[in-house]
Undergrad: 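What follows is a structure written as structure tokens; I'll ask about it next.
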Amino acid sequence: MAEVLVYVDHVDGAVRKPTLELLTLARRIGEPVAVALGSGAAGTAAVLAEHGATRVLTHEAADYADYLVVPKVEALEAAVAAVSPVAVLVPSSAEAKEVAARLALRIGSGIITDAVDLEAGDSGPVATQSVFAASFTTKSVVVKGTPVITVKPNSAAVEPAAAAGAVEALDVAFSEKAHGTKVTARTARESTGRPELTEAAIVVSGGRGVNGAENFSVIEALADSLGAAVGASRAAVDAGWYPHSNQVGQTGKSVSPQLYIASGISGAIQHRAGMQTSKTIVAINKDPEAPIFDLVDYGVVGDLFDVVPQLTEEVKTRKG
Amino acid sequence: MSLRIVVTVKYVPDATGDRHFADDLTVDRDDVDGLLSELDEYAVEQALQISENSDDDVEITVLTVGPEDAKDALRKALSMGADKAIHVEDDDLHGTDAIGTSLVLAKAIEKAGFDLVVSGMASTDGTAGIVPALVAERLGVPQVTLLSEVAVEGGTVSGRRDGDAASEQLEASLPAVVSVTDQSGEARYPSFKGIMAAKKKPVESWDLSDLGIEAEEVGLEGAWTKVESAAERPARTAGTIVKDEGEGGKQLAEYLAGQKFI
Ligand SMILES: Cc1cc2nc3c(=O)[nH]c(=O)nc-3n(C[C@H](O)[C@H](O)[C@H](O)COP(=O)(O)OP(=O)(O)OC[C@H]3O[C@@H](n4cnc5c(N)ncnc54)[C@H](O)[C@@H]3O)c2cc1C
Ligand SMILES: Cc1cc2nc3c(=O)[nH]c(=O)nc-3n(C[C@H](O)[C@H](O)[C@H](O)COP(=O)(O)OP(=O)(O)OC[C@H]3O[C@@H](n4cnc5c(N)ncnc54)[C@H](O)[C@@H]3O)c2cc1C
């Protein structure tokens, strides 16, 4: 059967959820062969096998951490040569997209970025994209080469499916180009203990209406009661109330959770670009004319400092 | 010493307008006003700052690949302070995808001559965020991308890249391709003097033959990808909106419980 390469996003062997979603999508078009690179790569095999990887190609080298992007491109290029896949699927993180793009160019293929769904078509995989701030849905195909497709988090429900997951060492020889951009220092982001923003099932976001860094505790308390991630609008981030890594929108993260709760956010087009594909949208805003209300499944016109704490209490009570 | 910077800027339909696809499933450019992609203003700004902080002789060229109107985007960048502009324009470019765009940009950058390419983090229409990496691959030079801070000194470019899991400090020798995020620093507004001066700055026009590119390599026909359908997202059915009269939080909890979120 046709094989599909799946690029594994992992941190020291811990596979991130979007990769498991990719394995689910990959099975619609063929047999998934996973490629895991860098420190801890071999440790990914068990979970990849549980999610349908028939083979796991691994390569560990310091080069992946010490140099930007290109070592990963060269490893994937080697994997494509070894496997001759019918498609290459990559998670839509900022770095993985760059890896995918350069790979596409090297193997003479087209690239589709930020797919939100994938199905088998008559002449290869058909990718769905949600474009122009999610106001249009397009379906596209790659017409030259081996389709390279990057897929956004939360594009599919993870479905386990046991497979062999045979670990094989991938042979990679780095060119001089791989060492062009040195990573001279790295500071890991501190964990908040909350779910990862792009992967969370529920996201609770605050905007300019939160009116101060200290007030974000109101948003955090609601998030914690629901087991949610915390997001912020650019206005809140620019004001220094919340870190940029939590920004939702065109120049922040794009999220697609089951539930998105926006408090004190007006709903500017650039914010909508990052959350409009959420399944259920709820907003709390004191301005009944705020554009965010055009998007909501449920909206409360009111002061967030009244509504949000009451909601948090009620959630806690109901959860017992 | 001299430093030649090429800033790539895209002309895009205004995101606050009613963006649409044309019958051939390319972006309908007649329906909505175009402008310089806001995220490329940050690229122009960083190029200007590199120039201002440099002892070298710095020349900043802004480059766009786009239709006739794309000259507006170049004028805006010139009025911010860039020195000259190159417009790659050709009817055969209509419908070019990211791989094709990177080919045209790379050929134009090579023809212009460069030590540093500065790009935006993503366009505001396609938003792929891959063109800078593609251009670096084509030019065979290092990519130092998605920087929130950038500095050039003694033939080396360095910067900070804030990723998902970590913040990284990067370094590469010139020539190189850089892309900058909207965290890199507010872009300046063109001054009246800048706007007047821009009118006199040179804008060169190149077509595919100037770059030695065949029509089949680009455009809709030459694209590596094909859009098969584009449908407007159905308007969301009007949601329930309640006014808080003291019970708003409880009503919302009731709704969330009904949807099985609690
Ligand atoms: C190139 C570019 C990229 C951008 N990228 C992003 C992005 O990634 N993400 C993003 O979010 N924005 C982005 N923006 C900015 C965007 O245009 C808006 O400025 C921003 O989203 C506004 O944030 P906000 O909704 O929090 O603030 P505002 O628009 O000021 O809205 C605040 C809202 O809070 C309400 N409010 C105030 N007090 C209360 C209260 N006590 N209770 C309830 N409601 C209250 C007000 O009624 C108002 O509706 C970008 C802009 C540009 C030009
Ligand atoms: C909604 C939509 C979806 C698309 N999806 C795909 C897709 O999946 N695959 C694909 O191959 N193509 C796609 N395209 C086409 C693609 O957007 C264009 O070919 C575009 O020129 C390159 O991609 P981008 O705009 O996403 O640029 P990005 O990669 O987001 O741009 C990054 C930077 O590159 C520079 N740049 C990009 N284009 C130009 C230009 N024309 N002139 C000067 N500088 C430029 C700018 O500095 C910009 O900030 C899509 C287009 C649209 C409108």
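Naming: A, B, ... by sequence-line order, numbering from 1 per chain.
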Undergrad: Please classify the contact between A/Val69 and chain B as side chain, backbone, both or neither, with a heavy-atom cut-off of under 4.5 Å.
TA: side chain
Undergrad: With a 4.5 angstrom heavy-atom cut-off, is it the side chain or the backbone of A/Ser175 that approaches chain B, or both, or neither?
TA: neither
Undergrad: Heavy-atom cut-off 4.5 Å, strictly under: side chain, backbone, both or neither for A/Lys316 against chain B?
TA: neither
Undergrad: Can you pull the salt bridge (Lys or Arg N to Asp or Glu O under 4.0 Å) pairs that have at least one residue in residues 91-101 of chain A, sequence neighbours excluded?
TA: A/Lys72-A/Glu95, A/Lys97-A/Asp114, A/Glu98-B/Arg161
Undergrad: Using non-hydrogen atoms and a 4.5 Å limit, figure out which bit of A/Thr150 sits close to chain B: side chain, backbone, both or neither.
TA: neither
Undergrad: If you take all heavy atoms of A/Ala94 and B/Leu146, which pair is closest and at what distance?
TA: CB-CD1, 3.6 Å
Undergrad: Is the gap between the ring centers of B/Phe261 and B/Tyr255 under 6.0 Å?
TA: no
Undergrad: Heavy atoms, side chains only, cut-off 4.5 Å: are B/Lys76 and B/Leu35 in contact?
TA: no
Undergrad: Determine which residues belonging to residues 9-16 of chain B lie within contact range of chain A, meaning some heavy atom pair is under 4.5 Å apart, and list them by number or answer 'none'.
TA: B/Ala15, B/Thr16
Undergrad: Listed by residue number, which members of residues 100-110 of chain B have a heavy atom under 4.5 Å from any heavy atom of chain A?
TA: none
Undergrad: With side chain to side chain contact (heavy atoms under 4.5 Å, CB included) as the test, would you mind laying out the steps for A/Thr280 and A/Tyr260 before giving the verdict?
TA: CA-CA 6 Å; A/Thr280 298; A/Tyr260 188 81; over 6 Å; no
Undergrad: Given a strict heavy-atom distance threshold of 4.5 Å, which part of B/Ala136 is in contact with chain A: side chain, backbone, both, or neither?
TA: both
Undergrad: Keeping A/Ser278 on the side-chain end and A/Ile281 on the backbone end, is there a donor-acceptor pair under 3.5 Å?
TA: no
Undergrad: Can you see which heavy atom on A/Leu105 is nearest to which on B/Arg138, and at what distance?
TA: CD1-NH2, 3.2 Å
Undergrad: What part of B/Ser158 is in contact with chain A, defined as an atom under 4.5 angstrom from a non-hydrogen atom: side chain, backbone, both or neither?
TA: neither
Undergrad: Measuring from atom CZ of B/Arg188 to atom CD of B/Glu41, what distance do you get when rounded to the nearest 0.5 angstrom?
TA: 11.5 Å
Undergrad: Counting only non-hydrogen atoms closer than 4.5 Å, does A/Ser245 touch chain B with its backbone (N, CA, C, O), its side chain (CB onward), both, or neither?
TA: neither
Undergrad: So does A/Lys279 pair up with A/Asp297, basic N to acidic O under 4.0 Å?
TA: no
Undergrad: Decide yes or no for B/Glu228 and B/Leu25: does some side-chain heavy atom of the first lie under 4.5 Å from some side-chain heavy atom of the second?
TA: no
Undergrad: Heavy-atom pairs under 4.5 Å with chain B: which of A/Asp306, A/Thr198, A/Ile111 has the most?
TA: A/Ile111
Undergrad: Counting only heavy atoms not in B/Lys250, do more than 12 fall under 6.0 Å of its NZ?
TA: no
Undergrad: Below 4.5 Å from any heavy atom of chain B, which atoms of A/Leu197 appear? Answer side chain, backbone, both or neither.
TA: neither
Undergrad: Between B/Asp182 and A/Arg234, does at least one N-O distance fall below 4.0 Å, as a salt bridge requires?
TA: yes
Undergrad: Need one label for B/Thr124: side chain, backbone, both or neither, based on atoms under 4.5 Å from any heavy atom in chain A.
TA: both
Undergrad: Tell me, for A/Lys286 versus chain B, whether the close heavy atoms (under 4.5 Å) come from the side chain, the backbone, both or neither.
TA: neither
Undergrad: Examine whether an atom of A/Lys177 lies under 4.5 Å from a heavy atom of chain B, and if so say whether it belongs to the side chain, the backbone or both; otherwise answer neither.
TA: side chain
Undergrad: Considering only heavy atoms, give the residues of residues 267-275 of chain A separated from chain B by less than 4.5 Å, sorted numerically, with 'none' for an empty result.
TA: A/Ile269, A/Gln270
Undergrad: Heavy-atom distances under 4.5 Å only: say whether A/Val183 touches chain B with side chain, backbone, both or neither.
TA: both
Undergrad: Where is the tightest heavy-atom contact between A/Val300 and A/Phe293, given as atom of each residue plus distance?
TA: O-CZ, 3.6 Å
Undergrad: Measuring centre to centre across the rings, with the benzene-like ring taken for any Trp, is A/Phe136 within less than 6.0 Å of B/His20?
TA: yes
